[in-house]
S.K.: 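Encoded as structure tokens, here's the structure I'll be asking about.
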Amino acid sequence: MTDFAMRRTMMVDTQIRPSDVTKYPIIKALLSVPREMFVPTDKREVAYMGEHIDLGGNRVILDPRTLAKMLDALDIQNDELVLDIGVGLGYSAAVIARMAEAVVAVEEEESLAETGQTNLVEAGADNVVMHVGPLTEGAAQHGPYDVIILEGAVAHLPEALTDQLKDGGRMAVLFGGESEQGQVRIGYKIDGRMNWRFAFDAGAPVLPGFEKHTAFVL
């Protein structure tokens, strides 16, 4: 029988801590959430590998290092409301739920959202609300948010999402294209405007709806 708890500890010790992620709430959350519960059944044996897990349709579960470094840069507090976009089967939302006061998890694929909701309930993440709808629209009715995070790359970031961030809030976005290494940047909303700072290099597929807009010339 696979010892997933041991693999979880190894993931933290070999992928997370060496990436200079040492904040206790993040380490505790990653050690507490059973990642194997949140991946497709046929991929459970690779749940703790240091790579993205494919969900099909240009969707992935971000590799543990990328997610952890994004959370480290965001420094989520236990009184904050977080918008988590593109949660897939719910893993990122379950991890963030251990650190935040509440999480609104957005997923547009109904089959993923349904399974994700079941996974979150089974994991005891009762401070997560699953919102089914277009990823590009977020969930304005539950906001505004202290923190926003996207679980995939972005070539074009809609204003509809930055509008849902509180003034003084922050946002983690992996800016990149399909065939290029991207950059995770943290955006701080100050006096209604976004100010971006480089955090680290990373890569992931571009989320559906976040592709670069093509300009048509007549």
S.K.: Measuring from atom CG of L74 to atom CD1 of I186, what distance do you get when rounded to the nearest 0.5 angstrom?
M.R.: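 With rounding to 0.5 Å, CG (L74) is 4.5 Å from CD1 (I186).
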
S.K.: Output every pair passing salt bridge (Lys or Arg N to Asp or Glu O under 4.0 Å) with a member in residues 104-115, not counting sequence neighbours, ordered by first then second residue.
M.R.: R59-E107

S.K.: Mark yes when over 12 heavy atoms from residues, nucleotides or ligands other than K28 sit less than 6.0 Å from its NZ; otherwise mark no.
M.R.: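 Result for NZ/K28: open.
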
S.K.: With the side chain counted from C-beta on, respond yes when P158 and F210 share a heavy-atom pair under 4.5 Å apart, and no when they do not.
M.R.: yes

S.K.: Is the distance between the ring centroids of F175 and W196 under 6.0 Å?
M.R.: yes

S.K.: Could you state the interatomic distance from NZ (K166) to CG (L81), rounded to the nearest 0.5 Å?
M.R.: 6.5 Å

S.K.: Could you go step by step and tell me if L30 and I26 meet the side-chain contact (heavy atoms from CB on, under 4.5 Å) rule?
M.R.: CA-CA 6 Å; L30 292 171; I26 300 173; 3.9 Å; yes

S.K.: Hydrophobic clustering (ILVMFWY, side-chain heavy atoms < 4.5 Å, transitive) - are V103 and L161 grouped together?
M.R.: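 No, because L161 and V103 fall into different hydrophobic clusters, even though each may have its own neighbours under 4.5 Å.
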
S.K.: Given the rule that I, L, V, M, F, W and Y join up when any side-chain heavy atoms are under 4.5 Å apart, are L120 and L83 in one cluster?
M.R.: no

S.K.: If you compare all heavy atoms of A93 against all heavy atoms of V128, which two are closest, and at what distance to 0.1 Å?
M.R.: O-CG2, 3.9 Å

S.K.: So which atom in Q164 and which in A139 form the shortest heavy-atom distance, rounded to 0.1 Å?
M.R.: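 Heavy atoms of Q164 and A139 come nearest at OE1-N, 3.0 Å.
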
S.K.: Indicate the atoms forming the closest heavy-atom contact of G86 with E151, along with that distance.
M.R.: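 Closest approach of G86 to E151, heavy atoms only: O-CB, 3.2 Å.
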
S.K.: Which heavy atom of L55 sits nearest to which heavy atom of G88, and what is that distance?
M.R.: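 Taking L55 first and G88 second, the nearest heavy atoms are CD1-CA, 4.1 Å.
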
S.K.: Let me check something: do V129 and I148 share a hydrophobic cluster, defined by ILVMFWY side-chain heavy atoms less than 4.5 Å apart, either directly or through other members?
M.R.: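 No, V129 and I148 fall in different hydrophobic clusters.
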
S.K.: Not counting sequence neighbours, list each pair that qualifies as a salt bridge (Lys or Arg N to Asp or Glu O under 4.0 Å) and has a residue in residues 69-87.
M.R.: K23-D72, E80-R170

S.K.: Taking the side chain as every heavy atom from C-beta outward, state whether V82 and Y145 have any atom pair closer than 4.5 Å.
M.R.: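 Side chain of V82 against side chain of Y145, heavy atoms only: no contact under 4.5 Å found.
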
S.K.: Determine the sole option in L62, V173, L135 for which the side-chain contact (heavy atoms from CB on, under 4.5 Å) test with L150 is passed.
M.R.: V173

S.K.: Would I27 and T22 satisfy side-chain contact (heavy atoms from CB on, under 4.5 Å), going step by step from the backbone distance to the final call?
M.R.: CA-CA 7 Å; I27 299 297; T22 58; 5.6 Å; no

S.K.: Measure the CG-CG distance between L165 and D163 for me, rounded to the nearest 0.5 Å.
M.R.: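 Rounded to the nearest 0.5 Å, the CG-CG separation comes out at 9.5 Å.
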
S.K.: Are the side chains of M70 and F200 in contact, using a 4.5 Å heavy-atom criterion?
M.R.: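 They are in contact (side-chain heavy atoms under 4.5 Å apart), so the answer is yes.
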
S.K.: Could you work out, with side-chain hydrogen bond (donor to acceptor under 3.5 Å, both in side chains) as the rule, every residue matching N119, not counting sequence neighbours?
M.R.: none

S.K.: Side chains of Y48 and R8: do they bring a donor and an acceptor to under 3.5 Å?
M.R.: yes

S.K.: Under a 4.5 Å cut-off applied to non-hydrogen side-chain atoms, are E101 and N78 in contact?
M.R.: no

S.K.: Report the distance from atom CD1 of I53 to atom CZ of F38, rounding to the nearest 0.5 Å.
M.R.: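 Spacing of CD1 (I53) from CZ (F38) equals 12.5 Å.
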
S.K.: I'd like to check the side-chain hydrogen bond (donor to acceptor under 3.5 Å, both in side chains) partners of R44; sequence neighbours left out, ordered by chain and number.
M.R.: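 In terms of side-chain hydrogen bond (donor to acceptor under 3.5 Å, both in side chains), with neighbours along the sequence ignored, R44 is linked to no residue.
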
S.K.: Between V206 and V154, is any pair of side-chain heavy atoms under 4.5 Å apart?
M.R.: no

S.K.: With D167, which residues qualify under side-chain hydrogen bond (donor to acceptor under 3.5 Å, both in side chains), at least two apart?
M.R.: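 D167: no side-chain hydrogen bond (donor to acceptor under 3.5 Å, both in side chains) contacts found.
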
S.K.: Does H131 use its side chain to pair, donor to acceptor, with the backbone of H142 at less than 3.5 Å?
M.R.: no

S.K.: Taking the side chain as everything from C-beta on, heavy atoms only, tell me whether P25 gets closer than 4.5 Å to I76.
M.R.: no

S.K.: Which of these, D20, D13, T14, sits in a side-chain hydrogen bond (donor to acceptor under 3.5 Å, both in side chains) with R17?
M.R.: D13

S.K.: Closest heavy-atom contact between Y91 and V33?
M.R.: CE1-CG1, 3.7 Å

S.K.: Could you tell me if the side chain of I96 sits less than 4.5 Å from the side chain of L71, heavy atoms only?
M.R.: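 Side-chain contact under 4.5 Å: yes.
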
S.K.: Closest approach of Q15 and G50, non-hydrogen atoms and distance?
M.R.: OE1-CA, 3.1 Å

S.K.: In terms of heavy-atom contacts, does CD of E159 have more than 12 from other residues, nucleotides or ligands at under 6.0 Å?
M.R.: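 Atom CD in E159 is not crowded, with 12 or fewer foreign heavy atoms closer than 6.0 Å.
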
S.K.: My understanding is that only residues two or more places apart in sequence, or in another chain, count here; which of them pass side-chain hydrogen bond (donor to acceptor under 3.5 Å, both in side chains) with Q183?
M.R.: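 Applying side-chain hydrogen bond (donor to acceptor under 3.5 Å, both in side chains) to Q183 gives R185.
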
S.K.: Just how far is it from atom NE2 of H156 to atom OG1 of T136, taken to the nearest 0.5 Å?
M.R.: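 With rounding to 0.5 Å, NE2 (H156) is 8.5 Å from OG1 (T136).
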
S.K.: Both conditions, 6.0 Å and 45 degrees, for the charged tip of R35 above the ring of F4: are they met here?
M.R.: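 No, R35 does not lie over the aromatic ring of F4.
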
S.K.: Rounded to the nearest 0.5 Å, what separates atom CD in Q181 from atom CG in D201?
M.R.: 6.0 Å

S.K.: Treat each ILVMFWY residue as a node, draw an edge where side-chain heavy atoms are under 4.5 Å apart, and state whether I61 and V184 are in one component.
M.R.: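 Yes, because I61 and V184 connect within a single hydrophobic cluster, where side-chain heavy atoms sit under 4.5 Å apart.
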
S.K.: May I ask whether L157 and V106 are part of the same hydrophobic cluster, defined by side-chain heavy atoms of I, L, V, M, F, W, Y residues being less than 4.5 angstrom apart, directly or through others?
M.R.: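 Per the 4.5 Å side-chain linkage, L157 and V106 are co-clustered.
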
